[in-house]
Amino acid sequence: MGLLPEIETRVSTREYTSEPVGDEVVSRVLEAGRLAPSAKNRQSWRFVVVTDEKVRKKIEDAAFGQEYVGMAPVVIALCTTNIEYKMPNGQLSYPIDLSFAASFMMLQATHEGLGSCLVTTFREDDVKSILTVPYSMRVVMLLTIGHAQERPERLQRLPMERVVSFNHW
Ligand SMILES: Cc1cc2nc3c(=O)[nH]c(=O)nc-3n(C[C@H](O)[C@H](O)[C@H](O)COP(=O)(O)O)c2cc1C
């Protein structure tokens, strides 16, 4: 048994029904992201929720016409409000911060019985323009959320011994 059934059951969902997602459910998904950790607790993020069908279709176009992006009743654009802050290890914090927020949102979406998919295949400038994201900020990823048409197959992961070692590489 895994620690969380949500971790074991989450799969990327790329086919959604037209059933809307309730506002309270969307709020809980956003709350999960809001509570996610970030470097120095800076929370340099903004989550732009897209439910309007016309706007979703524009986002679909910006995502190279991938149908599932417009098909999902909710698309959350995870944006950073700071593209410069580096952590003590010299690495940029924003891709990591936003990944935690997205992970927490995906797990809450799974808990709510919804499918979700992270999307990074999009023209960022187009999405920025559609959502009026300020020039100096970035749209790091999109998260589609909705009721899955079918539960997709779970993809295999590498075996533990390939990805874990103890005390040396
Ligand atoms: C950083 C990141 C970027 C991703 N970008 C895309 C994407 O642009 N389009 C897409 O369909 N899936 C995308 N995915 C989903 C992955 O393809 C998926 O998580 C992976 O194949 C494992 O499948 P699973 O999520 O069903 O376990 C992305 C996932 C991550 C973590």
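Side-chain atoms are counted along with the backbone in the values below, which use heavy atoms only and exclude waters and symmetry mates. In listed order, ligands and their atoms are each counted from 1.
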Q: Measure the distances from the heavy atoms of Arg157 to every atom of ligand 1 and state whether one is below 4.0 angstrom.
A: yes
Q) Has the side chain of Arg28 got a donor or acceptor atom that lies under 3.5 Å from a matching backbone atom of Ala109? A) no
Q) By number and element, which atoms of ligand 1 are closer than 4.0 Å to a non-hydrogen atom of Thr121? A) 7 (C), 8 (O), 9 (N)
Q) Taking both backbone and side-chain atoms of Val119, is any N or O found less than 3.5 Å from an N or O belonging to ligand 1? A) no
Q: Establish, for the pair Arg123 and Phe64, whether the NZ or CZ atom is under 6.0 angstrom from the six-membered ring centre and no further than 45 degrees off its axis.
A: yes
Q: Around atom 26 (O) of ligand 1, find the nearest protein heavy atom and jot down its residue, atom name and distance.
A: Ser12 N, 2.8 Å
Q. Would you say the side chains of Tyr16 and Thr144 form a donor-acceptor pair under 3.5 Å?
A. yes
Q | Taking atom 21 (O) of ligand 1 as the reference point, the nearest protein heavy atom with its distance | A | Leu155 CD1, 3.7 Å
Q | Heavy-atom closest pair, residues Leu118 and Met141 | A | CD2-SD, 3.3 Å
Q.
Just to be sure I read this right, does ligand 1 sit under 4.0 Å from the backbone of Cys117, its side chain, both, or neither, counting only heavy atoms?
A. side chain
Q.
For Tyr85, does the six-membered ring have the charged nitrogen or CZ of Lys40 within the cation-pi criterion, i.e. under 6.0 angstrom from the centroid and within 45° of the normal?
A. no
(Q) Against the six-membered ring of Phe47, is Arg34 placed for a cation-pi contact (under 6.0 Å from the centre, within 45° of the normal)? (A) no
**Q.** Ser38 side chain to Gln43 backbone, donor-acceptor under 3.5 Å
**A.** yes
Q.
Checking a contact table here: which protein heavy atom is nearest atom 4 (C) of ligand 1, and how many Å away?
A. Thr120 OG1, 3.5 Å
Q. Considering only the protein, which heavy-atom contact is closest to atom 16 (C) of ligand 1, and what is its distance?
A. Arg14 NH2, 3.9 Å
Q. At what distance is the nearest protein heavy atom to atom 30 (C) of ligand 1, and which residue and atom is it?
A. Leu118 CD1, 3.7 Å
(Q) When you measure from the heavy atoms of Tyr68 to every atom of ligand 1, does any distance fall below 4.0 Å? (A) yes
Q: Answer yes if a protein heavy atom lies under 4.0 Å from atom 1 (C) of ligand 1, otherwise answer no.
A: no
Q) Which atoms of ligand 1 sit under 4.0 Å from any heavy atom of Val11? A) 26 (O)
Q. Do Arg56 side-chain atoms and Thr51 backbone N/O form a donor-acceptor pair below 3.5 Å?
A. yes
